[in-house]
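I have placed the structure first, in the form of C-alpha coordinates, so that the comments after it can refer back to it.
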Amino acid sequence: MSSSLAWITDALQALKNEGLLRSRRVTRMLPDGTCEVDSRRVLDFASNDYLNLAGDPRVIGAAMEALRTGTVGARASPLVSGRSEWHERLEQTIAQFEEQPEALLFPTGMAANVGTIAAICGAGDLILCDRANHASLVDGCRLSQSQMRVYRHDDLTTLERELKKGDSVRRRWIVTDSVFSMDGDIAPLADLCDIAEQNNAELIVDEAHATGVIGENGRGACEALGVEDRVAVRIGTLSKAIGAQGGFVSGPANLIEFLWNRARSQIYSTALSPAVCAAATAAIGIIRAEPWRRHRLEVASEFFRTQLRLAGVETVATSTGPIVPVILHAPEAALNVANRLENRGFLVGAIRPPTVPRDTSRLRIVVTAAHQDADLTRLATAVFEEVTAARAE
Ligand SMILES: *Cc1c(COP(=O)(O)O)cnc(C)c1O
(Lines give C-alpha, C1' and ligand atoms only; values in the text may rest on other atoms or scores of the structure.)
Protein backbone atom coordinates (compact mmCIF):
# COMPACT_ATOMS: atom_id res chain seq x y z
CA MET A 1 0.00 0.00 0.00
CA SER A 2 1.25 3.46 -0.82
CA SER A 3 2.23 5.31 2.33
CA SER A 4 0.58 8.44 0.97
CA LEU A 5 -2.73 6.97 2.14
CA ALA A 6 -1.58 6.54 5.76
CA TRP A 7 -3.72 9.53 6.74
CA ILE A 8 -6.78 7.41 5.98
CA THR A 9 -5.91 5.00 8.76
CA ASP A 10 -5.72 7.96 11.15
CA ALA A 11 -9.02 9.33 9.90
CA LEU A 12 -10.70 5.95 10.46
CA GLN A 13 -9.24 5.75 13.95
CA ALA A 14 -10.65 9.22 14.68
CA LEU A 15 -14.11 8.10 13.54
CA LYS A 16 -13.82 5.02 15.71
CA ASN A 17 -12.87 7.10 18.75
CA GLU A 18 -16.01 9.18 18.29
CA GLY A 19 -18.23 6.11 17.93
CA LEU A 20 -18.91 7.05 14.31
CA LEU A 21 -17.17 4.26 12.42
CA ARG A 22 -19.57 2.34 10.19
CA SER A 23 -19.13 -1.34 9.50
CA ARG A 24 -20.28 -3.45 6.56
CA ARG A 25 -22.54 -6.41 7.22
CA VAL A 26 -24.43 -8.93 5.20
CA THR A 27 -28.18 -9.11 5.56
CA ARG A 28 -30.06 -11.95 3.92
CA MET A 29 -33.59 -10.93 3.00
CA LEU A 30 -36.14 -13.69 3.29
CA PRO A 31 -39.39 -13.69 1.30
CA ASP A 32 -41.58 -13.51 4.42
CA GLY A 33 -40.30 -10.03 5.35
CA THR A 34 -37.86 -11.29 7.99
CA CYS A 35 -34.12 -11.38 7.46
CA GLU A 36 -30.98 -13.06 8.62
CA VAL A 37 -28.01 -11.10 9.95
CA ASP A 38 -24.85 -12.96 10.94
CA SER A 39 -26.85 -16.20 10.62
CA ARG A 40 -29.44 -15.08 13.14
CA ARG A 41 -33.09 -14.79 12.10
CA VAL A 42 -34.55 -11.41 13.04
CA LEU A 43 -37.67 -9.38 12.37
CA ASP A 44 -36.79 -6.51 10.08
CA PHE A 45 -37.63 -3.06 11.43
CA ALA A 46 -34.81 -1.38 9.52
CA SER A 47 -36.00 -1.45 5.90
CA ASN A 48 -38.03 1.11 3.95
CA ASP A 49 -40.18 -1.62 2.40
CA TYR A 50 -43.26 0.02 3.93
CA LEU A 51 -45.88 -1.94 2.01
CA ASN A 52 -44.03 -5.26 2.06
CA LEU A 53 -43.82 -5.33 -1.74
CA ALA A 54 -40.10 -6.02 -2.32
CA GLY A 55 -40.67 -9.76 -1.84
CA ASP A 56 -44.22 -9.97 -3.18
CA PRO A 57 -44.48 -12.99 -5.53
CA ARG A 58 -46.28 -10.87 -8.16
CA VAL A 59 -43.52 -8.26 -8.12
CA ILE A 60 -40.81 -10.91 -8.28
CA GLY A 61 -42.75 -12.71 -11.02
CA ALA A 62 -42.88 -9.55 -13.12
CA ALA A 63 -39.11 -9.12 -12.78
CA MET A 64 -38.54 -12.76 -13.77
CA GLU A 65 -40.76 -12.43 -16.81
CA ALA A 66 -38.73 -9.42 -17.99
CA LEU A 67 -35.50 -11.34 -17.40
CA ARG A 68 -36.77 -14.39 -19.26
CA THR A 69 -37.53 -12.34 -22.37
CA GLY A 70 -34.72 -9.80 -22.21
CA THR A 71 -31.38 -8.88 -20.69
CA VAL A 72 -30.21 -8.25 -17.13
CA GLY A 73 -28.57 -4.90 -17.80
CA ALA A 74 -30.13 -2.23 -19.99
CA ARG A 75 -26.75 -2.08 -21.80
CA ALA A 76 -26.78 1.65 -22.54
CA SER A 77 -27.89 5.05 -21.41
CA PRO A 78 -31.61 5.63 -21.88
CA LEU A 79 -30.72 8.35 -24.37
CA VAL A 80 -28.79 5.97 -26.63
CA SER A 81 -30.49 2.57 -26.64
CA GLY A 82 -31.17 1.61 -23.00
CA ARG A 83 -34.80 2.70 -22.84
CA SER A 84 -36.87 -0.45 -23.45
CA GLU A 85 -40.60 -1.03 -23.52
CA TRP A 86 -40.32 -1.85 -19.80
CA HIS A 87 -38.96 1.63 -19.13
CA GLU A 88 -41.62 3.29 -21.23
CA ARG A 89 -44.39 1.31 -19.56
CA LEU A 90 -43.07 2.19 -16.11
CA GLU A 91 -42.88 5.90 -16.98
CA GLN A 92 -46.47 5.78 -18.19
CA THR A 93 -47.55 3.87 -15.09
CA ILE A 94 -45.87 6.44 -12.83
CA ALA A 95 -47.44 9.34 -14.73
CA GLN A 96 -50.92 7.77 -14.40
CA PHE A 97 -50.40 6.98 -10.72
CA GLU A 98 -49.17 10.52 -10.03
CA GLU A 99 -51.91 12.04 -12.23
CA GLN A 100 -49.27 14.00 -14.09
CA PRO A 101 -48.82 14.29 -17.85
CA GLU A 102 -45.41 12.61 -17.90
CA ALA A 103 -42.68 10.98 -15.83
CA LEU A 104 -38.95 10.37 -16.23
CA LEU A 105 -36.87 7.58 -14.69
CA PHE A 106 -33.51 7.98 -12.97
CA PRO A 107 -31.08 5.26 -11.82
CA THR A 108 -31.87 5.98 -8.14
CA GLY A 109 -33.77 8.46 -6.01
CA MET A 110 -30.44 10.01 -5.12
CA ALA A 111 -29.67 10.47 -8.82
CA ALA A 112 -33.14 11.96 -9.38
CA ASN A 113 -32.58 14.58 -6.70
CA VAL A 114 -29.02 15.46 -7.68
CA GLY A 115 -29.71 15.48 -11.41
CA THR A 116 -32.99 17.37 -11.28
CA ILE A 117 -31.87 20.15 -8.97
CA ALA A 118 -28.56 20.58 -10.78
CA ALA A 119 -30.44 20.78 -14.10
CA ILE A 120 -33.16 23.26 -13.19
CA CYS A 121 -31.35 25.45 -10.66
CA GLY A 122 -28.17 27.28 -11.55
CA ALA A 123 -25.74 30.09 -10.94
CA GLY A 124 -27.64 33.24 -10.05
CA ASP A 125 -30.45 31.31 -8.31
CA LEU A 126 -31.15 31.23 -4.59
CA ILE A 127 -32.11 27.91 -2.98
CA LEU A 128 -33.53 27.63 0.52
CA CYS A 129 -32.92 24.18 1.95
CA ASP A 130 -34.31 22.72 5.21
CA ARG A 131 -31.47 21.56 7.47
CA ALA A 132 -33.09 18.13 7.83
CA ASN A 133 -33.23 17.54 4.07
CA HIS A 134 -31.83 14.32 2.64
CA ALA A 135 -28.16 14.41 1.62
CA SER A 136 -29.08 13.97 -2.06
CA LEU A 137 -31.07 17.23 -2.05
CA VAL A 138 -28.16 19.02 -0.42
CA ASP A 139 -25.75 17.59 -2.99
CA GLY A 140 -28.04 18.65 -5.84
CA CYS A 141 -28.14 22.19 -4.47
CA ARG A 142 -24.35 22.29 -4.19
CA LEU A 143 -23.82 20.88 -7.65
CA SER A 144 -26.21 23.42 -9.17
CA GLN A 145 -23.84 26.25 -8.17
CA SER A 146 -26.80 28.22 -6.91
CA GLN A 147 -26.52 30.28 -3.78
CA MET A 148 -27.74 27.91 -1.04
CA ARG A 149 -29.10 28.94 2.36
CA VAL A 150 -29.90 26.29 4.93
CA TYR A 151 -32.71 27.12 7.38
CA ARG A 152 -33.31 25.46 10.73
CA HIS A 153 -35.76 22.59 10.45
CA ASP A 154 -39.27 24.02 9.82
CA ASP A 155 -38.09 27.55 10.71
CA LEU A 156 -40.45 29.41 8.38
CA THR A 157 -39.54 32.84 9.76
CA THR A 158 -35.90 32.46 8.77
CA LEU A 159 -36.92 30.90 5.48
CA GLU A 160 -39.07 33.89 4.59
CA ARG A 161 -36.47 36.42 5.74
CA GLU A 162 -33.74 34.77 3.67
CA LEU A 163 -36.00 34.57 0.62
CA LYS A 164 -36.76 38.29 0.83
CA LYS A 165 -33.04 39.07 0.87
CA GLY A 166 -32.71 37.50 -2.55
CA ASP A 167 -34.31 40.32 -4.54
CA SER A 168 -31.52 40.49 -7.09
CA VAL A 169 -31.39 36.78 -7.90
CA ARG A 170 -32.57 35.09 -11.08
CA ARG A 171 -34.93 32.49 -9.56
CA ARG A 172 -35.84 31.47 -6.01
CA TRP A 173 -36.43 27.89 -4.89
CA ILE A 174 -37.47 26.09 -1.73
CA VAL A 175 -36.24 22.49 -1.55
CA THR A 176 -37.66 20.07 1.00
CA ASP A 177 -38.33 16.45 1.90
CA SER A 178 -42.09 15.93 2.25
CA VAL A 179 -41.67 13.30 4.96
CA PHE A 180 -38.32 13.78 6.69
CA SER A 181 -36.39 10.55 6.55
CA MET A 182 -34.93 10.50 10.06
CA ASP A 183 -37.65 12.21 12.13
CA GLY A 184 -40.68 10.93 10.20
CA ASP A 185 -42.42 14.31 10.42
CA ILE A 186 -44.22 15.99 7.52
CA ALA A 187 -43.07 19.32 6.10
CA PRO A 188 -45.60 22.16 6.46
CA LEU A 189 -46.19 22.10 2.71
CA ALA A 190 -49.21 24.44 2.65
CA ASP A 191 -47.22 27.11 4.54
CA LEU A 192 -44.22 26.54 2.28
CA CYS A 193 -46.48 27.03 -0.75
CA ASP A 194 -47.86 30.27 0.73
CA ILE A 195 -44.35 31.56 1.38
CA ALA A 196 -43.20 30.51 -2.08
CA GLU A 197 -46.14 32.24 -3.75
CA GLN A 198 -45.72 35.43 -1.74
CA ASN A 199 -42.01 35.59 -2.55
CA ASN A 200 -41.96 34.57 -6.17
CA ALA A 201 -40.30 31.25 -5.41
CA GLU A 202 -40.97 27.65 -6.56
CA LEU A 203 -41.08 24.48 -4.52
CA ILE A 204 -39.13 21.26 -5.18
CA VAL A 205 -40.45 18.41 -3.04
CA ASP A 206 -38.89 14.98 -2.45
CA GLU A 207 -41.64 12.44 -1.70
CA ALA A 208 -39.25 9.50 -1.11
CA HIS A 209 -40.89 8.38 2.15
CA ALA A 210 -44.41 9.45 1.25
CA THR A 211 -45.11 7.85 -2.13
CA GLY A 212 -47.41 4.87 -1.58
CA VAL A 213 -47.64 5.66 2.12
CA ILE A 214 -49.85 8.73 2.57
CA GLY A 215 -52.55 10.60 0.67
CA GLU A 216 -55.99 9.32 -0.26
CA ASN A 217 -54.54 7.53 -3.31
CA GLY A 218 -51.05 7.07 -1.93
CA ARG A 219 -49.48 9.83 -4.01
CA GLY A 220 -47.72 11.27 -1.00
CA ALA A 221 -47.73 14.30 1.25
CA CYS A 222 -48.57 16.79 -1.52
CA GLU A 223 -51.78 14.84 -2.09
CA ALA A 224 -52.47 14.45 1.63
CA LEU A 225 -52.07 18.20 2.21
CA GLY A 226 -53.86 19.22 -0.99
CA VAL A 227 -50.95 21.13 -2.57
CA GLU A 228 -50.19 19.05 -5.67
CA ASP A 229 -51.11 21.93 -7.99
CA ARG A 230 -48.91 24.37 -6.10
CA VAL A 231 -45.64 22.42 -6.17
CA ALA A 232 -43.44 22.97 -9.23
CA VAL A 233 -41.36 19.79 -9.09
CA ARG A 234 -42.06 16.49 -7.34
CA ILE A 235 -39.41 13.81 -7.06
CA GLY A 236 -39.90 10.23 -5.90
CA THR A 237 -38.15 6.92 -5.46
CA LEU A 238 -39.06 3.39 -6.51
CA SER A 239 -36.86 1.94 -3.77
CA LYS A 240 -39.01 2.44 -0.68
CA ALA A 241 -42.77 1.73 -0.59
CA ILE A 242 -42.62 0.60 -4.23
CA GLY A 243 -40.12 -2.07 -3.20
CA ALA A 244 -37.92 -1.93 -6.33
CA GLN A 245 -35.15 0.48 -7.32
CA GLY A 246 -34.78 3.75 -9.19
CA GLY A 247 -35.95 7.33 -8.96
CA PHE A 248 -38.42 9.43 -10.89
CA VAL A 249 -39.76 12.90 -11.55
CA SER A 250 -43.36 13.38 -12.64
CA GLY A 251 -44.76 16.60 -14.03
CA PRO A 252 -45.62 18.62 -17.12
CA ALA A 253 -44.24 17.64 -20.52
CA ASN A 254 -41.86 20.61 -20.74
CA LEU A 255 -40.21 19.78 -17.39
CA ILE A 256 -39.78 16.13 -18.35
CA GLU A 257 -38.38 16.97 -21.77
CA PHE A 258 -35.98 19.45 -20.19
CA LEU A 259 -34.74 16.84 -17.70
CA TRP A 260 -34.41 14.27 -20.48
CA ASN A 261 -32.11 16.76 -22.22
CA ARG A 262 -30.28 18.21 -19.24
CA ALA A 263 -30.31 15.96 -16.16
CA ARG A 264 -26.81 14.52 -16.25
CA SER A 265 -27.44 11.78 -13.70
CA GLN A 266 -29.86 10.04 -16.06
CA ILE A 267 -28.10 10.91 -19.34
CA TYR A 268 -24.66 9.68 -18.26
CA SER A 269 -25.75 6.52 -16.49
CA THR A 270 -27.00 3.23 -17.87
CA ALA A 271 -30.77 2.88 -17.79
CA LEU A 272 -32.38 0.87 -14.99
CA SER A 273 -32.49 -2.87 -15.40
CA PRO A 274 -35.63 -3.84 -17.38
CA ALA A 275 -36.42 -6.37 -14.64
CA VAL A 276 -36.47 -3.63 -12.03
CA CYS A 277 -38.80 -1.58 -14.25
CA ALA A 278 -41.17 -4.54 -14.64
CA ALA A 279 -41.11 -5.09 -10.87
CA ALA A 280 -41.86 -1.43 -10.13
CA THR A 281 -44.70 -1.39 -12.65
CA ALA A 282 -46.26 -4.43 -10.99
CA ALA A 283 -45.78 -2.91 -7.53
CA ILE A 284 -47.54 0.34 -8.50
CA GLY A 285 -50.43 -1.74 -9.83
CA ILE A 286 -50.65 -3.49 -6.46
CA ILE A 287 -50.50 -0.19 -4.58
CA ARG A 288 -53.48 1.05 -6.61
CA ALA A 289 -55.46 -2.18 -6.31
CA GLU A 290 -54.76 -2.85 -2.62
CA PRO A 291 -55.21 0.34 -0.62
CA TRP A 292 -55.54 -1.90 2.48
CA ARG A 293 -51.74 -2.02 2.54
CA ARG A 294 -51.32 1.65 3.36
CA HIS A 295 -54.33 1.58 5.67
CA ARG A 296 -52.78 -1.35 7.55
CA LEU A 297 -49.47 0.54 7.64
CA GLU A 298 -51.17 3.57 9.15
CA VAL A 299 -52.97 1.51 11.79
CA ALA A 300 -49.85 -0.52 12.62
CA SER A 301 -47.73 2.65 12.93
CA GLU A 302 -50.24 4.24 15.31
CA PHE A 303 -50.52 0.98 17.26
CA PHE A 304 -46.73 0.83 17.68
CA ARG A 305 -46.53 4.45 18.83
CA THR A 306 -49.22 3.74 21.41
CA GLN A 307 -47.40 0.61 22.61
CA LEU A 308 -44.15 2.57 22.94
CA ARG A 309 -45.90 5.29 24.91
CA LEU A 310 -47.52 2.71 27.22
CA ALA A 311 -44.12 1.08 27.70
CA GLY A 312 -42.67 4.48 28.68
CA VAL A 313 -40.55 5.22 25.61
CA GLU A 314 -40.53 8.68 24.08
CA THR A 315 -40.40 9.28 20.35
CA VAL A 316 -39.94 12.54 18.46
CA ALA A 317 -43.14 14.48 19.20
CA THR A 318 -43.69 15.64 15.62
CA SER A 319 -43.12 12.26 13.98
CA THR A 320 -46.03 10.44 12.39
CA GLY A 321 -46.36 7.33 10.21
CA PRO A 322 -44.05 4.37 9.90
CA ILE A 323 -40.73 6.08 10.76
CA VAL A 324 -40.41 5.93 14.55
CA PRO A 325 -37.26 7.55 15.97
CA VAL A 326 -36.11 6.93 19.54
CA ILE A 327 -33.43 9.49 20.39
CA LEU A 328 -30.55 8.13 22.49
CA HIS A 329 -28.16 11.08 21.96
CA ALA A 330 -24.72 9.42 22.07
CA PRO A 331 -23.72 7.37 19.02
CA GLU A 332 -22.42 4.54 21.23
CA ALA A 333 -25.81 4.36 22.98
CA ALA A 334 -27.67 4.01 19.69
CA LEU A 335 -25.34 1.21 18.56
CA ASN A 336 -25.45 -0.53 21.90
CA VAL A 337 -29.25 -0.58 22.13
CA ALA A 338 -29.58 -1.65 18.48
CA ASN A 339 -27.19 -4.56 19.17
CA ARG A 340 -29.15 -5.60 22.23
CA LEU A 341 -32.39 -5.53 20.26
CA GLU A 342 -30.79 -7.59 17.53
CA ASN A 343 -29.84 -10.21 20.11
CA ARG A 344 -33.53 -10.38 20.98
CA GLY A 345 -34.56 -10.84 17.36
CA PHE A 346 -35.33 -7.28 16.22
CA LEU A 347 -33.29 -5.51 13.56
CA VAL A 348 -33.58 -1.70 13.89
CA GLY A 349 -31.50 1.09 12.40
CA ALA A 350 -28.89 2.85 14.55
CA ILE A 351 -28.49 6.29 12.98
CA ARG A 352 -25.52 8.50 13.83
CA PRO A 353 -23.98 11.76 12.59
CA PRO A 354 -23.49 13.01 9.97
CA THR A 355 -26.85 11.49 8.92
CA VAL A 356 -28.47 13.17 11.94
CA PRO A 357 -27.29 16.22 13.94
CA ARG A 358 -24.77 15.79 16.74
CA ASP A 359 -26.18 14.48 20.01
CA THR A 360 -29.30 13.11 18.32
CA SER A 361 -28.09 9.60 17.51
CA ARG A 362 -31.09 7.36 17.52
CA LEU A 363 -32.86 4.14 16.80
CA ARG A 364 -34.83 4.45 13.59
CA ILE A 365 -37.57 1.88 13.81
CA VAL A 366 -39.63 1.34 10.68
CA VAL A 367 -43.05 -0.26 10.83
CA THR A 368 -44.25 -2.04 7.68
CA ALA A 369 -47.49 -3.61 6.53
CA ALA A 370 -45.88 -6.99 7.23
CA HIS A 371 -45.64 -6.50 10.98
CA GLN A 372 -48.15 -8.13 13.31
CA ASP A 373 -49.56 -6.40 16.38
CA ALA A 374 -47.99 -9.03 18.65
CA ASP A 375 -44.52 -8.31 17.21
CA LEU A 376 -45.01 -4.57 17.59
CA THR A 377 -46.01 -5.04 21.23
CA ARG A 378 -43.00 -7.28 21.91
CA LEU A 379 -40.68 -4.76 20.25
CA ALA A 380 -42.08 -1.85 22.28
CA THR A 381 -41.38 -3.75 25.52
CA ALA A 382 -37.92 -4.77 24.32
CA VAL A 383 -37.05 -1.16 23.40
CA PHE A 384 -38.06 0.00 26.87
CA GLU A 385 -36.05 -2.73 28.60
CA GLU A 386 -32.93 -2.31 26.51
CA VAL A 387 -32.92 1.50 26.65
CA THR A 388 -33.28 1.26 30.44
CA ALA A 389 -30.54 -1.40 30.70
CA ALA A 390 -28.17 0.62 28.52
CA ARG A 391 -28.72 3.75 30.63
CA ALA A 392 -27.97 1.83 33.80
CA GLU A 393 -24.61 0.64 32.47
C1 LIG B 1 -33.81 7.24 0.40
C2 LIG B 1 -33.98 8.66 0.03
C3 LIG B 1 -33.59 9.11 -1.22
C4 LIG B 1 -32.78 8.27 -2.16
O5 LIG B 1 -33.54 7.30 -2.78
P6 LIG B 1 -32.79 6.03 -3.40
O7 LIG B 1 -33.76 5.54 -4.39
O8 LIG B 1 -32.57 5.09 -2.28
O9 LIG B 1 -31.52 6.51 -4.02
C10 LIG B 1 -33.89 10.40 -1.56
N11 LIG B 1 -34.54 11.22 -0.70
C12 LIG B 1 -34.92 10.82 0.53
C13 LIG B 1 -35.62 11.77 1.42
C14 LIG B 1 -34.63 9.53 0.93
O15 LIG B 1 -34.95 9.14 2.16
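Each ligand, and each atom within it, is numbered from 1 in the order the structure gives.
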Between ligand 1 and Met110, is the shortest N or O to N or O distance under 3.5 Å? yes
Tell me: protein heavy atom nearest atom 11 (N) of ligand 1, and distance? Asp206 OD2, 2.5 Å
A student checking ligand 1 against Ser239 at a 4.0 Å heavy-atom cut-off should list atoms 6 (P), 7 (O), 8 (O)
So among Arg294, His209, Arg293, which one has a side chain to side chain donor-acceptor pair (under 3.5 Å) with Tyr50? His209
Using distance alone, determine whether Asp177 and ligand 1 share an N or O pair under 3.5 Å. no
So, is Gly109 polar-close to ligand 1, with some N/O to N/O distance under 3.5 Å? yes
Against heavy atoms of Ser181, which atoms of ligand 1 measure under 4.0 Å? 15 (O)
Is there a donor in the side chain of Ser319 and an acceptor in the side chain of Arg305, or the other way round, less than 3.5 Å apart? yes
Can you see whether Gln13 engages Asn17 through a side-chain donor-acceptor pair at a distance of less than 3.5 angstrom? yes
Heavy atom under 4.0 Å from ligand 1: found in Lys240's side chain, backbone, both, or neither? side chain
Near Thr108, which atoms of ligand 1 are under 4.0 Å from a heavy atom of that residue? 7 (O), 9 (O)
What pairs with Glu36 under side chain to side chain donor-acceptor pair (under 3.5 Å), at least two apart in sequence or on another chain? Arg28
Can a side-chain donor-acceptor contact be found between Arg22 and Thr355 if the only test is distance below 3.5 angstrom? yes
Looking only at the side chains, is there a donor atom on one of Asp183 and His153 sitting less than 3.5 Å from an acceptor on the other? no
Where is the nearest protein heavy atom to atom 7 (O) of ligand 1: which residue, which atom, and how far? Thr237 OG1, 2.6 Å
